[in-house]
Novice: 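Input: one structure, supplied below.
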Amino acid sequence: MTELNRRTVLTAAAAGAAAALTPAGTKSVEAAMPLQGKQNPGWYRYKVGDYEVTVVTDGAATFPLPEKFVANASKDQVAGELAKHHLDPTKLTVPFTPIVINTGSKLVLLDTGYGEDAAKKENATTGQVGANLKAAGIDPAKIDTVIISHFHGDHVNGLLTSDKKLAYPNAEVMVPVVEWKYWMDDGEMSRAPEGRMQGLFKSNRAVFDAINRKVTQYEWNKEVIPGMTAIGTPGHTPGHTSYVLSSGNGKLFIQSDVTNVPFLFVSNPGWHAGYDQDGGMAETTRRKTYDMVVAEKLPVQGFHYPFPGLGHVEKAGDGYRLVPMPWNPVI
Ligand SMILES: [Zn+2]
């Protein structure tokens with residue numbers, strides 16, 4: 001029996017590298033399977049009471065760690081936190097995770113991902129919702145409601161196909177009234193700073209103009225669809241919205257972007273992501289929301305949590321900790 005210690009583990013790795021250099025024919029006679037180099041479709045299903053939730057990933061974006069990803073923490077602090085989570089401290093991977101809710105009478109998509117255009121880019125790693133819906137056996141034409149949590153590209157751009165048609169041709173598009181009012185207000189647009197904010201106003205309007213601004217506006221603290229109540233969680237954007245989904249004994253908190261990636265912001269709720277429009281308000285919302293889900297022991301579905309984005313939040317030190325829900329083969 002091989003003794004397990006640091007030295008045997010390190011030597012084993014070296015032996016593996018040497019074996020790869022052994023001339024053909026001296027190893028196994030079995031032909032190796034070519035490396036596939038491609039991930040499997042990303043969808044995952046679970047129940048909330050009588051409702052069925054299908055998590056459908058849009059993929060993830062990986063980019064070099066920006067100088068100022070967190071407005072009030074240094075790049076070194078952020079890199080340190082990544083290393084603490086056994087992640088590459090030089091880059092960041094942000095997943096995008098829409099869900100489909102089947103209530104039995106309604107088929108609802110919550111947020112859309114980046115859309116078909118993103119999927120067509122070279123070496124695309126986002127825009128996968130279409131392919132993953134198909135893999136999960138969900139026909140986009142059968143989706144009768146698309147609910148948008150807030151107006152950022154990873155949540156709204158997938159409303160459109162590449163030819164600028166509604167990707168869910170039979171769906172009613174529902175948007176938070178506060179969010180709609182803000183982004184469609186010409187005064188707000190004229191006062192918005194150049195760069196990212198101006199870009200967001202333009203791209204949001206391009207998306208909604210393509211569907212002739214045909215949307216249904218929904219209010220906070222009311223049901224958007226039977227069993228799902230919209231909860232105002234502003235700060236990330238002025239009308240940023242989360243949801244409580246209830247059916248029978250089942251309850252789920254859908255946080256949207258109350259935090260970006262949990263390995264940075266669940267453990268450091270005081271950190272302000274550069275994407276948070278009002279960092280202070282987003283932090284107040286985050287602490288209030290997490291204190292509530294901890295007290296209620298509510299499972300949380302997070303748009304930027306690692307796939308499938310489902311877990312429980314616990315108190316840990318000055319912040320919180322995400323405990324991912326174990327994979328379950330039983331729906
Ligand atoms: Zn987002």
Side-chain angles (χ1 to χ4, degrees), residues 42 55-63 65-66 68-71 78 92-100 109-115 117-119 124-129 132 146-160 167 173-176 178-180 182-183 195-197 199-204 206-208 230-243 253-266 268-269 271-279 281-283 285-286 289-290 300-311 313 322:
V55 180
V56 184
T57 176
D58 192 50
T62 299
F63 47 90
L65 183 60
K68 264 290 164 224
F69 189 72
V70 180
V78 178
L92 207 54
T93 295
V94 178
F96 309 100
T97 323
I99 62 174
V100 173
L109 174 67
L110 178 49
D111 287 333
T112 66
Y114 276 109
D117 266 351
T125 60
T126 61
Q128 300 176 358
V129 160
N132 286 325
V146 178
I147 299 172
I148 299 294
S149 66
H150 66 290
F151 292 8
H152 282 167
D154 48 335
H155 300 258
V156 299
N157 288 2
L159 277 170
L160 302 182
V173 177
M174 301 188 74
V175 299
V178 183
E179 193 73 347
W180 183 262
Y182 174 77
W183 294 101
R196 177 173 176 267
M197 285 304 294
L200 276 171
F201 271 97
K202 287 191 190 109
S203 61
N204 284 331
V207 168
F208 290 107
I231 312 284
T233 46
H236 181 63
T237 63
H240 179 266
T241 302
S242 303
Y243 311 88
F253 189 83
I254 303 163
Q255 76 150 19
S256 312
D257 287 22
V258 165
T259 65
N260 195 270
V261 286
F263 39 84
L264 296 182
F265 301 100
V266 172
N268 298 286
W271 281 7
H272 299 172
Y275 306 129
D276 289 345
Q277 196 174 325
D278 182 332
M281 192 193 286
E283 179 184 342
T285 288
R286 185 154 50 246
T289 303
Y290 277 10
V300 180
Q301 176 71 41
F303 192 86
H304 297 295
Y305 285 4
F307 183 80
L310 176 65
V313 175
L322 177 66

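As the structure lists them, so they are numbered: ligands from 1, and atoms in each ligand from 1. The basis for the numbers below is simple: all heavy atoms, side chains too, and nothing from hydrogens, waters or symmetry mates.
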Novice: Give the ring-plane orientation class for F63 versus F69, where under 30° counts as parallel, over 60° as perpendicular and anything between as tilted.
Specialist: tilted
Novice: Against H155, only a single residue in T237, D257, D58 fulfils side-chain hydrogen bond (donor to acceptor under 3.5 Å, both in side chains); can you say which?
Specialist: D257
Novice: Should the ring pair Y182 and F201 be called parallel, tilted or perpendicular, given that the plane angle runs from 0 to 90° and is split at 30 and 60?
Specialist: tilted
Novice: Using only N, O or S atoms, tell me which atom of H304 is closest to the Zn ion (ligand 1).
Specialist: NE2
Novice: Would you say H155 reaches the Zn ion (ligand 1) with an N/O/S atom under 2.8 Å?
Specialist: yes
Novice: Quick one: do Y290 and Q255 satisfy side chain to side chain donor-acceptor pair (under 3.5 Å)? Show the steps, please.
Specialist: CA-CA 10 Å; Y290 277 10; Q255 76 150 19; 2.6 Å; yes
Novice: Any N/O/S atom from D154 (main chain or side chain) under 2.8 Å of the Zn ion (ligand 1)?
Specialist: yes
Novice: Looking at D257, which of its N, O or S atoms is the nearest one to the Zn ion (ligand 1)?
Specialist: OD2
